[in-house]
Amino acid sequence: MDFRLGLLVPTILLSVLSVSPAFGGETSPGPVEYQYSQAIEPTFSDLPYATQSPSQKLDLYLPVVKNGPAPLVIWIHGGGFRVGDKSSMPRRNFGPAPKPKGPDGPYQIQVPDVAALTREGYAVASLNYRLLRRPGDHFVDFARPAVQDGKAAVRFLRANAALYGLDPGKFAVWGNSAGGFIAAMLAATGDDPTIFDDPALGDPGISGAIQAAVIWYGAIEVGDLSIAHYISAAKLIPPVLIANGDADTSVPVVEAIRLNDQLLKKGAKSTLTILSGAGHEDPAFMATQMLPTFKFLDAAFGR
């Protein structure tokens, strides 16, 4: 990408962490990498959450055991608002990460462990959205429709929560890179009226607020569509977890530090983890940040 893709306690954590191979397991001694679960198939594939574009679809994974309405995690892929697909989760390619040849990679995409989440009672949605970026476009031209799609997906899932067994009061978003920017905007705007509310996308009377946000290397601060502006105007911001590598040249760590500072100044609960030596879409995220993210989600939802 050739642009800057730029709560639980007010802190900055320096990482790499030692993690255990199972969701909820104890930390093992020594640097043990997280072991990603075997891939699973969606319970529902290609659910349309709006009708203006073929891209406005999501996959939905429902929990293995149902104990009442399930909290929901909405995964939003990255790709510079130009490429990417919801099928990147779950991970199926576990070979060595390719060496990026430039800002666009190639990358081994870092994704949540959907099977682990569903085993623990979470529902998970993997979201596609309009990828409209073209050479010479202004950031707002392609980022605004993407965030509008994120809002529409939240509204659709909340409007259909009873149908799919979801808890409408426990929605989290988790995104990386461009998807992390969308997650940040969803957290900052909530139900406040903004340019991201498009009634034509459906369910206009339904809340588009979310109750937790995970932002992996997505602190994109661009003047004509500024996260900071929406944070300063926000009435309510949910808990936020940010993770960024200090060797990321696409989304510099200074942007993540600035985003964390802005959230804390607003009074939000925000945690920033800085991964030493990690670049953009670095395998260190899946290796070290999966369990801390699960713990964050559990705490945000009182589980």
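Keep in mind that what you see is a predicted model, and the values were worked out from it rather than measured.
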**Prompt:** So with a 6.0 Å cut-off around NZ of Lys66, is the heavy-atom count from everything else above 12?
**Reply:**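 Enclosed.
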
**From CA spacing to verdict: ring-ring contact (aromatic ring centres under 6.0 Å, His included), Phe296, Phe301** = CA-CA 9 Å; Phe296 164 80; Phe301 291 149; 8.5 Å; no

**Message:** Can a donor-acceptor pair be found, under 3.5 Å and without considering hydrogens, that links the side chain of Asp137 to the backbone of Arg134?
**Reply:**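 Side chain of Asp137 to backbone of Arg134: a pair is present.
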
**Request:** Mark yes or no for whether Arg155, through its side chain, and Gly202, through its backbone, hold a donor-acceptor pair below 3.5 Å.
**Result:**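 Present.
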
**Candidate pair Tyr49 and Asp203, rule side-chain hydrogen bond (donor to acceptor under 3.5 Å, both in side chains), full reasoning** = CA-CA 9 Å; Tyr49 60 83; Asp203 303 301; over 6 Å; no

**Prompt:** Taking the six-membered ring for Trp, are Tyr122 and Tyr61 ring centroids under 6.0 Å apart?
**Reply:**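 Judged by ring-centre distance (under 6.0 Å), Tyr122 and Tyr61 do not meet the cut-off.
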
**Request:** Please list, chain by chain and in numerical order, all residues satisfying salt bridge (charged side-chain N to carboxylate O under 4.0 Å, His left out) with Arg144, sequence neighbours excluded.
**Result:** none

**Request:** For Lys86, check salt bridge (charged side-chain N to carboxylate O under 4.0 Å, His left out) against everything at least two apart and list the hits.
**Result:** Asp46, Asp59

Do the side-chain N and O atoms of [X] and [Y] include a donor-acceptor pair separated by under 3.5 angstrom?
X	Y	answer
Asp85	Ser87	yes
Lys151	Thr189	yes
His280	Ser177	yes
Asn176	Gln110	no
Asp282	Tyr217	no

**Request:** If the plane angle is over 60° it's perpendicular, under 30° parallel, otherwise tilted; pick one for Trp174 and Trp216.
**Result:** perpendicular

**SB check Arg92 Glu41 (cutoff 4.0 Å)** = yes

**Item:** Test applied, side-chain contact (heavy atoms from CB on, under 4.5 Å); reference residue, His77; option that passes from Leu127, Val111, Val83, Asn128
**Value:**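 Among Leu127, Val111, Val83, Asn128, the one that satisfies the side-chain contact (heavy atoms from CB on, under 4.5 Å) with His77 is Asn128.
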
**Message:** Just verifying a value: how many Å separate Glu255 CD and Asp248 CG, rounded to the nearest 0.5 Å?
**Reply:**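 It is 10.5 Å, given to the nearest 0.5 Å.
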
**Prompt:** Between atom OG of Ser207 and atom CG of Asp191, what is the distance when rounded to the nearest 0.5 Å?
**Reply:**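 Atom-to-atom, Ser207:OG and Asp191:CG are 3.5 Å apart.
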
**Message:** Run the side chain to side chain contact (heavy atoms under 4.5 Å, CB included) test against Ala146 and tell me which residues pass, sequence neighbours left out.
**Reply:** Phe81, Tyr129, Ile182

